[in-house]
Amino acid sequence: MENDGAPEKSSVLNCIDLTSSDIQHSVSSLKQACLDCGFFYVVNHGISQEFMDEVFVQSRKFFELGLEEKMKVLRNHKHRGYTPTLDEILDPDNQVHGDYKEGYYIGIEKPEGDPEADKPFYGPNVWPAADLLSGWRQTMERYHGEALEVARKVARIIALALDLDVDFFDKAEMLGNPISIMRLLHYEGKVSDPAKGLYGAGAHSDYGLITLLVTDDIYGLQICKNKDAKPQVWEYVAPLKGSFIVNLGDMLERWSNGIFKSTLHRVLGNGQERYSIAYFVEPSHDCLVECLPTCKSEENPAKFPPIKCGAYLSQRYTDTHADLNVYNQSQT
């Protein structure tokens with residue numbers, strides 16, 4: 001596809017090469033990005049372009065199914081499965097409807113009987129019938145695993161940027177046993193109009209540690225580097241083939257005592273279909289998120305109280321998604 005309708009000006013983001021031997025340069029570049037805008041590109045991440053293309057092909061195959069088929073795998077209370085258009089409203093103060101996007105949540109598989117399967121965000125995934133989409137589950141599970149490895153590499157650079165041990169986030173209670181949620185996204189070609197409260201995705205910051213986003217080549221993602229500015233200034237983030245667009249989440253802002261800030265972003269539709277895949281990287285359900293020792297002092301005490309990751313995420317998802325009872329009642 002061509003970059004039809006590409007805006008004249010896009011935000012300039014730092015680019016982190018995960019194969020670079022100059023780790024100090026990578027740390028410095030990432031730290032500057034986290035202090036400036038909370039968004040950066042990651043390249044040479046280890047996932048082949050051929051496989052990435054196949055994931056997008058398979059994603060498109062699901063969203064091209066009829067609504068009746070897609071509703072058979074409607075998301076459950078564990079946030080696994082299909083999310084219809086308008087299901088999520090991320091900016092209720094400015095949106096007149098929910099987001100004009102549909103999605104599909106896939107988490108780390110925790111089979112029934114697993115000691116952790118009953119916890120929020122853990123448990124078995126919801127999958128389309130194998131005879132409907134042959135090989136679909138296998139493709140998505142492989143991508144989920146490979147994206148997690150990329151996330152761990154990025155988290156090690158973040159740890160160094162925060163003056164922590166390189167393996168700080170590798171601990172069992174963090175990314176050793178993460179919640180990590182992958183979400184396939186499809187924007188159906190609606191034209192957004194902020195003046196009328198219509199958005200592909202309303203303005204929001206992500207909830208967790210970091211998000212790895214890969215998109216097709218259609219523009220849509222915008223960031224606001226200073227969420228407190230009046231008026232807010234929005235800039236497009238250019239799609240960069242072969243890269244992940246990485247952004248910081250609210251949990252990392254809490255962990256870093258506000259030194260690294262999560263960034264407000266949104267998606268505006270321009271009338272073209274658009275596909276993307278977001279990979280939300282969260283620590284384990286029982287991980288206690290509290291101010292890092294390197295991010296506080298007598299002059300700069302902790303700004304946020306400690307909170308368990310699972311409890312924090314559960315509240316954020318409840319606040320932004322439609323009540324499942326609405327769908328259940330519509331089926332009766």
Side-chain angles (χ1 to χ4, degrees), residues 11 13-45 147-180 205-213 223 225-228 243-265 279-310 312-313 316:
S11 185
L13 302 182
N14 285 5
C15 190
I16 313 300
D17 184 343
L18 292 186
T19 61
S20 173
S21 59
D22 189 347
I23 188 63
Q24 285 309 119
H25 175 74
S26 296
V27 171
S28 175
S29 182
L30 180 145
K31 185 172 185 176
Q32 194 59 51
C34 292
L35 293 171
D36 286 348
C37 68
F39 269 75
F40 52 91
Y41 296 112
V42 163
V43 296
N44 293 324
H45 42 69
L148 180 55
E149 288 310 306
V150 176
R152 286 175 172 145
K153 293 175 186 176
V154 175
R156 289 172 193 137
I157 303 175
I158 290 175
L160 293 174
L162 289 168
D163 297 318
L164 301 165
D165 292 338
V166 66
D167 60 353
F168 179 84
F169 292 110
D170 288 337
K171 297 170 185 172
E173 69 273 19
M174 295 186 190
L175 299 188
N177 182 30
I179 289 173
S180 297
S205 54
D206 290 344
Y207 313 149
L209 179 64
I210 56 173
T211 302
L212 308 182
L213 178 73
I223 63 174
K225 294 179 180 178
N226 181 0
K227 51 192 169 189
D228 298 321
S243 76
F244 279 106
I245 300 167
V246 181
N247 65 278
L248 311 183
D250 298 336
M251 208 172 290
L252 185 56
E253 181 170 323
R254 293 177 73 102
W255 244 325
S256 69
N257 210 24
I259 294 173
F260 287 177
K261 289 183 169 57
S262 58
T263 302
L264 207 60
H265 54 286
Y279 190 83
F280 303 105
V281 184
E282 339 279 16
S284 77
H285 180 271
D286 293 321
C287 178
L288 186 67
V289 179
E290 58 183 336
C291 184
L292 297 167
T294 57
C295 297
K296 63 182 177 181
S297 64
E298 287 187 12
E299 298 76 27
N300 185 32
K303 298 179 176 68
F304 305 96
I307 191 169
K308 288 283 187 74
C309 173
Y312 179 74
L313 289 177
R316 295 296 299 272

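For this chain, numbers begin at 1 and follow the sequence in order.
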Quiz item: Checking Asn257 side chain against Lys303 main chain: does a donor-acceptor pair fall under 3.5 Å?
Solution: yes
Practice problem: Look up atom SG in Cys34 and atom CD1 in Ile158, then write down how far apart they are to the nearest 0.5 Å. | Solution: 5.5 Å
Quiz item: Which heavy atom in Val281 sits nearest to a heavy atom in Ser180, and how many Å separate them?
Solution: CA-OG, 3.9 Å
Quiz item: Do side-chain atoms of Ser29 reach the backbone of His25 as a donor and acceptor pair under 3.5 angstrom?
Solution: no
Quiz prompt | Inter-residue atom distance Leu160.CG - Gln24.CD, 0.5 Å rounding | solution = 7.5 Å
Quiz prompt | Shortest non-hydrogen contact between Phe169 and Leu252, atoms and distance | solution = CZ-CD1, 4.4 Å
Practice problem: Not counting sequence neighbours, which residues clear ring-ring contact (aromatic ring centres under 6.0 Å, His included) with Tyr279? List them please. | Solution: His144
Could you pull out all donor-acceptor pairs under 3.5 Å where a side-chain atom in residues 170-179 meets a protein atom, sequence neighbours excluded?
residue	atom	partner	partner atom	Å
Asp170	OD2	Arg156	NE	2.9
Asn177	OD1	Lys110	NZ	3.0
Asn177	ND2	Glu116	OE1	3.2
Asn177	ND2	Glu116	OE2	3.1

Quiz item: For residues 36-45, which residue pairs qualify under side-chain hydrogen bond (donor to acceptor under 3.5 Å, both in side chains), counting only residues two or more places apart or in two chains?
Solution: Asp17-Asn44, Gln32-Asp36
Quiz item: Would you say Thr294's side chain and Leu162's backbone share a donor-acceptor pair under 3.5 angstrom?
Solution: yes
Quiz prompt | Distance in Å, Leu292 CG paired with Glu290 CD, rounded so as to fall on 0.5 Å steps | solution = 8.5 Å
Exercise. Please confirm whether the backbone N or O of Gly258 pairs with a side-chain atom of Lys261, one donor and one acceptor, at under 3.5 Å?
Key: yes
Quiz item: Which atom pair, heavy atoms only, marks the closest approach of Val43 to Cys15?
Solution: CG1-SG, 3.6 Å
Practice problem: Test Ile210 against Phe260 for side chain to side chain contact (heavy atoms under 4.5 Å, CB included), laying out the working first. | Solution: CA-CA 11 Å; Ile210 56 173; Phe260 287 177; over 6 Å; no
Practice problem: Output all residues satisfying side chain to side chain donor-acceptor pair (under 3.5 Å) with Ser297, sequence neighbours left out; order by chain, then residue number. | Solution: Glu299
Quiz item: Residues two or more places apart in sequence or in another chain: which of them pass side chain to side chain donor-acceptor pair (under 3.5 Å) with Arg254?
Solution: none
Self-check item: Separation of Asp250 CG from Thr263 OG1 (nearest 0.5 Å)
Solution: 9.5 Å
Self-check item: Nearest heavy atoms of Ser205 and Ser262, plus distance in Å
Solution: CB-OG, 3.7 Å
Exercise. Locate the shortest heavy-atom distance separating Lys296 from Cys291; write the atom from each residue and the value.
Key: CB-SG, 3.6 Å
Quiz item: Checking side-chain contact (heavy atoms from CB on, under 4.5 Å) against Ile223, which of Leu13, Ile245, Leu264, Asn247 comes through?
Solution: Leu13
Quiz item: Looking at CG of Leu18 and CD1 of Ile157, how far apart are the two atoms once the value is rounded to the nearest 0.5 Å?
Solution: 5.5 Å
Quiz item: Do Trp255 and Leu248 have side-chain heavy atoms sitting under 4.5 Å apart?
Solution: no
Practice problem: List the atom of Leu212, the atom of Ala151, and the distance in Å for their closest heavy-atom pair. | Solution: CD1-N, 3.8 Å
Quiz item: Has Lys225 got more than 12 heavy atoms of other residues, nucleotides or ligands less than 6.0 Å from its NZ?
Solution: yes
Exercise. Look only at the side chain of Ser26 and the backbone of Ile16, and say whether a donor-acceptor pair between them is shorter than 3.5 Å.
Key: no
Quiz item: Which distance, rounded to the nearest 0.5 Å, do you find between the CZ of Phe280 and the CE of Met251?
Solution: 12.0 Å
Quiz prompt | Under the side chain to side chain donor-acceptor pair (under 3.5 Å) test, residues paired with Thr211 that sit two or more places apart | solution = Asp206
